[in-house]
Amino acid sequence: MTISLSKGQRIDLTKTNPGLQRAVIGLGWDTNKYTGGEAFDLDASAFLLNQSGKASGIEDFVFYNNLSVYSGAVVHTGDNRDGLGDGDDEQIKLDFGKIPQTVHRIGITVTIHDANQRSQNFGQVSNAFVRLVDEQTGTEILRYDLGEDFSVETAVVVCELYRHGPDWKFQAVGSGFSGGLAALAANYGLDAK
């Protein structure tokens, strides 16, 4: 049975699901009626963070141009440039056994590609969600629907996974940023120029 989360809620992942070794984080969205003449290209990313909440370098940033880090510990399955259709628009896979001990938190984010040039923002995005699936069994463990709380933001921290002792937990974040990928990267200690 899938657990539905609200913004700010936290849930045990590996403690309450002791067989969970590999997870798929599916992210999906639709766009509202929009006549700007440009297609929406939303991009999922993962920031692998140390104990101080910062990425140590580009090797801790998983996105459409850096699909896999740490021998497959975190893998982006590829860029979906239009978000059309039902289900997950992009996926990030995690292998908890391969994630280095120096990684304490993983921020899962979505940004709008060329948002400023295309005059696009998350106020024009609807039905955004994140779900976590046990890759081995195909069972959906949790789902977080982001709602319609955004207006001018061009980037969103959707959720974070974090270590709690030997286990991993999940937090529904839903925090928006203006400034797109550059603002997110700076927040996590990287220079995205």
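Computed from a predicted model, the values in this text were never measured in an experiment. Just so you know, these numbers use all the heavy atoms, side chains as well, and skip hydrogens, waters and symmetry mates.
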**Request:** Would you confirm whether T77, through its side chain, and Q91, through its main-chain N or O, come within 3.5 Å as a donor-acceptor pair?
**Result:** yes

**Item:** Among K169, R10, H104, side chain to side chain donor-acceptor pair (under 3.5 Å) partner for Y162
**Value:** R10

**Request:** Considering non-hydrogen atoms only, spot the tightest contact between Q171 and R105 and give its length.
**Result:** OE1-NH1, 4.1 Å

**Message:** For I112 versus N121, what's the shortest heavy-atom pair and its separation?
**Reply:** CD1-C, 3.4 Å

**Asked** According to a 4.5 Å side-chain heavy-atom criterion applied to Ile, Leu, Val, Met, Phe, Trp and Tyr, with indirect links allowed, do V158 and L48 form part of one hydrophobic cluster?
**Response** yes

**Prompt:** Any donor and acceptor pair, going by atom type alone, linking the side chain of K98 with main-chain N or O of S71 inside 3.5 Å?
**Reply:** yes

**Message:** Taking I99 as the starting point, is it possible to reach V75 by hopping between hydrophobic residues whose side chains are less than 4.5 Å apart?
**Reply:** no

Hey, can you pull the donor-acceptor pairs under 3.5 Å for the side chains in residues 128-140, sequence neighbours left out?
| residue | atom | partner | partner atom | Å |
| --- | --- | --- | --- | --- |
| R131 | NE | D88 | OD1 | 2.8 |
| R131 | NE | D88 | OD2 | 3.4 |
| R131 | NH1 | E140 | OE1 | 2.9 |
| R131 | NH2 | D88 | OD2 | 3.1 |
| D134 | OD1 | Q136 | N | 2.9 |
| D134 | OD1 | T137 | N | 3.4 |
| E135 | OE1 | R22 | NE | 3.2 |
| E135 | OE2 | K93 | NZ | 3.2 |
| T137 | OG1 | T139 | N | 3.2 |
| T137 | OG1 | T139 | OG1 | 3.0 |
| E140 | OE2 | T2 | OG1 | 3.0 |

**Item:** Under 3.5 Å donor-acceptor, K15 side chain and D167 backbone
**Value:** no

**Request:** Specify the closest pair of heavy atoms between F177 and V157, including all atoms of both residues, with the distance to one decimal.
**Result:** CE1-CG2, 3.6 Å

**Prompt:** Ignoring hydrogens and geometry, is there a side-chain-to-backbone donor-acceptor pair from D30 to N127 under 3.5 Å?
**Reply:** no

**Prompt:** Going by the angle between their ring planes, with limits at 30° and 60°, are F47 and F61 parallel, tilted or perpendicular?
**Reply:** parallel

**Asked** Would a distance-only check, ignoring hydrogens and angles, find a side-chain to backbone donor-acceptor pair under 3.5 Å from S45 to F63?
**Response** no

**Asked** Quick one: does N187's side chain have a donor or acceptor within less than 3.5 Å of a partner on A183's backbone?
**Response** no

**Asked** Which heavy atom in G107 sits nearest to a heavy atom in L49, and how many Å separate them?
**Response** N-CD1, 4.4 Å

**Request:** Heavy atoms only: give me the nearest I92-A44 pair and the separation to one decimal.
**Result:** CD1-CB, 4.2 Å

**Prompt:** Quick one: hydrophobic cluster around V152, which other residues, with the 4.5 Å side-chain cut-off, linked directly or via members?
**Reply:** none

**Asked** Stepwise, does the side-chain contact (heavy atoms from CB on, under 4.5 Å) test hold for L20 with W168?
**Response** CA-CA 10 Å; L20 183 63; W168 283 90; over 6 Å; no

